Structures are given as structure tokens and as C-alpha cells.
Amino acid sequence: MTTPTLPSRPLDAGSPPRPPRPDGSCATDCVPLVKRGHPGALELLGFVPATLEINGPVLDRTTVPFGGNVRFTASIRNVGAGKARLAIDYVVHHHKANGSQTAKTFKLTTRSLAPGETMGVSREHSFRPITTRRYHPGPQAIALQVNGVASARAVFELEAPGVGPSAICRS
């Protein structure tokens, strides 16, 4: 796999070049690279590798009904000697129809942590039907991505539509 290079122009080659930003950053152009954890793009935006202790994500359930939600929590501690500026995302590894998984990255927050400081993060992720994504039942996973480095995955099962407590017919 090759490492992508930083964009020198907009990622959409069909559009005219954007004028340079006053601060010289490429925040908008770098979004796809930041979501993939590209070290150069992260460094350009001020997010450098940090020495962290990540506990989580911890899920509130191991089985999620189709159309339901899963909530996760995690804690991040700066165990390094200096202040750490963090870009914190979470990645949902969706089960595909062919049995493989595909990752979708979502922004959580950006934050600075002093040495020894700990912060908690939590989020609820919905699996309700939407027009832009098709959910397939089976094993899914959630992981944190901090400054481009992925944490361990927390695995859960997405139930098929019509299965589980939400499928009980109430008369």
C-alpha cells in the first residue's frame, strides 16, 4: 500500500484551485487524509504523535438490534512529558454483504491534554436505516483513532431486521 501525499490542490480535480487560506493551512483539503490517519496531514494541522494510554472503547451492549443504537465510552490519558494536542475520531467497522468489513471514520473531538491529564469520551452510534448506507447483520466493531493511531476494536453483533426484542409484535 502506498502512502498518499498531501494535497497541493483541492482533492476534487474537477474544481478550480481554492485560494490559499490566510493561515496557510489545508484543513478542508486534508479531511480525507486526516480521517485515514495520514501522519503528514495530521502534523500539518498540529497533531503530532503523543504518548497516550487509551482504555476502551467499552460498549454498552454486545448485540444491537437493527435500527438500534450502541453507546461506547473510553478514557484517554496523556502519559507523556509534554502537552498533547489530540484529534480524536471513532471508526465503525461495518460488516459487508460479502463477509468482509469496511471502515467509516467519524469525528469525535479535538482536545489538548496536559501531562498526566485524563479525559473521557462517549458517543452513541445509530444503526437506523438511512438512504446513504446499507447495514448488514453480523459482526461489527468500533475503535478509537487518536492522532491517526487506532485503538483496539470493541466487537458487537448487529441483528438482522425482525430479530430480537424490537421485533416482538405487541397487540
Side-chain angles (χ1 to χ4, degrees), residues 1-60 64 69-96 100-127 130 132-133 135 139-156 158:
M1 183 171 131
T2 61
T3 303
T5 58
L6 291 174
S8 58
R9 50 182 287 222
L11 293 177
D12 178 7
S15 64
R18 292 188 187 107
R21 295 172 57 115
D23 62 0
S25 72
C26 69
T28 304
D29 293 338
C30 289
V31 168
L33 295 172
V34 169
K35 284 188 170 195
R36 285 186 293 228
H38 187 280
L42 286 160
E43 186 176 353
L44 188 64
L45 297 173
F47 302 105
V48 296
T51 307
L52 305 170
E53 180 181 280
I54 301 173
N55 293 314
V58 176
L59 305 178
D60 69 341
V64 178
N69 301 318
V70 64
R71 183 170 203 57
F72 67 89
T73 58
S75 67
I76 302 168
R77 181 172 184 256
N78 180 2
V79 294
K83 186 175 183 180
R85 185 163 181 251
L86 307 177
I88 306 167
D89 302 324
Y90 73 98
V91 181
V92 178
H93 298 273
H94 294 284
H95 183 76
K96 293 173 56 173
S100 66
Q101 287 190 331
T102 184
K104 173 67 177 154
T105 304
F106 298 90
K107 176 60 66 190
L108 256 175
T109 189
T110 57
R111 174 94 187 266
S112 291
L113 286 182
E117 186 179 1
T118 301
M119 71 172 286
V121 294
S122 67
R123 180 63 53 100
E124 186 170 271
H125 187 84
S126 174
F127 286 91
I130 57 176
T132 56
R133 185 172 299 116
Y135 297 114
Q140 323 274 329
I142 292 179
L144 288 184
Q145 180 175 288
V146 182
N147 288 5
V149 179
S151 71
R153 294 182 183 188
V155 179
F156 61 96
L158 180 64

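Owing to the predicted nature of the structure, the values given are computational and were not obtained by experimental measurement. Numbers here are sequence positions counted from 1. Both backbone and side-chain heavy atoms feed into the values below; hydrogens, waters and symmetry mates do not.
A distance-only check finds a donor-acceptor pair linking the side chain of N147 to the backbone of A87 [under 3.5 Å]. Using a distance-only test at 3.5 Å, with no hydrogens or angles considered, a donor-acceptor pair links the side chain of Q145 to the main chain of K35. R36 places no side-chain N or O within donor-acceptor distance of the main-chain N or O of T105, the cut-off being under 3.5 Å. Side-chain N or O atoms of Q101 include one that pairs as donor or acceptor with a backbone N or O of P139 at under 3.5 Å.
The NZ atom of K104 lies 10.5 Å from the CG atom of D89; values are rounded to the nearest 0.5 Å. Taken from OG1 in T118 to CD1 in I54, the straight-line distance is 11.5 Å, to the nearest 0.5 Å. The distance from the OG atom of S75 to the CD atom of E53 is 7.0 Å, given to the nearest 0.5 Å. Going from atom CG of L45 over to atom NE2 of H38 covers 11.5 Å, rounded to the nearest 0.5 Å.
For the pair R71/L59, no side-chain contact is recorded, criterion being any heavy-atom separation below 4.5 Å from C-beta on. Counting heavy atoms from C-beta on, the side chains of V92 and F127 come closer than 4.5 Å. In this structure, the side chains of E117 and R77 stay at 4.5 Å or more apart for every pair of heavy atoms. Proximity of L86 to T110: side-chain heavy atoms (C-beta onward) are nowhere separated by under 4.5 Å. Residues I142 and V91 form no side-chain contact, since every pair of their non-hydrogen atoms from C-beta on lies 4.5 Å or further apart. Contact annotation: the side chain of L52 approaches that of N78 to within less than 4.5 Å [non-hydrogen atoms, C-beta and beyond].
Of all heavy-atom pairs spanning V34 and A41, the tightest one is CG2-CB, 4.2 Å. Summarising the geometry of R123 relative to K107, their closest heavy-atom pair is NH1-O, 3.6 Å, with the distance given to 0.1 Å. Scanning both residues, P57 and A143, for their nearest heavy atoms gives CG-CA, 4.1 Å. The shortest non-hydrogen separation linking T73 to S122 is CG2-CB, 3.7 Å. Minimum interatomic distance between G56 and S151 (heavy atoms only, all atoms of both residues): O-OG, 3.9 Å.
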I would like to know whether F72 and H125 meet ring-ring contact (aromatic ring centres under 6.0 Å, His included); could you show each step before the answer?
CA-CA 8 Å; F72 67 89; H125 187 84; 8.3 Å; no
side-chain contact (heavy atoms from CB on, under 4.5 Å) between M119 and I88: does it pass, once the steps are laid out?
CA-CA 11 Å; M119 71 172 286; I88 306 167; 3.7 Å; yes
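The side chain to side chain donor-acceptor pair (under 3.5 Å) check on H93 picks up R153, with sequence neighbours excluded.
Remark: the E124 side chain and the N69 side chain contain an N/O donor-acceptor pair separated by less than 3.5 Å.
Open room surrounds NZ on K83; 12 or fewer heavy atoms of other groups in view lie less than 6.0 Å from it.
Ring geometry, Y135 versus H94: the interplanar angle falls from 30° to 60°, so the pair is classed tilted.
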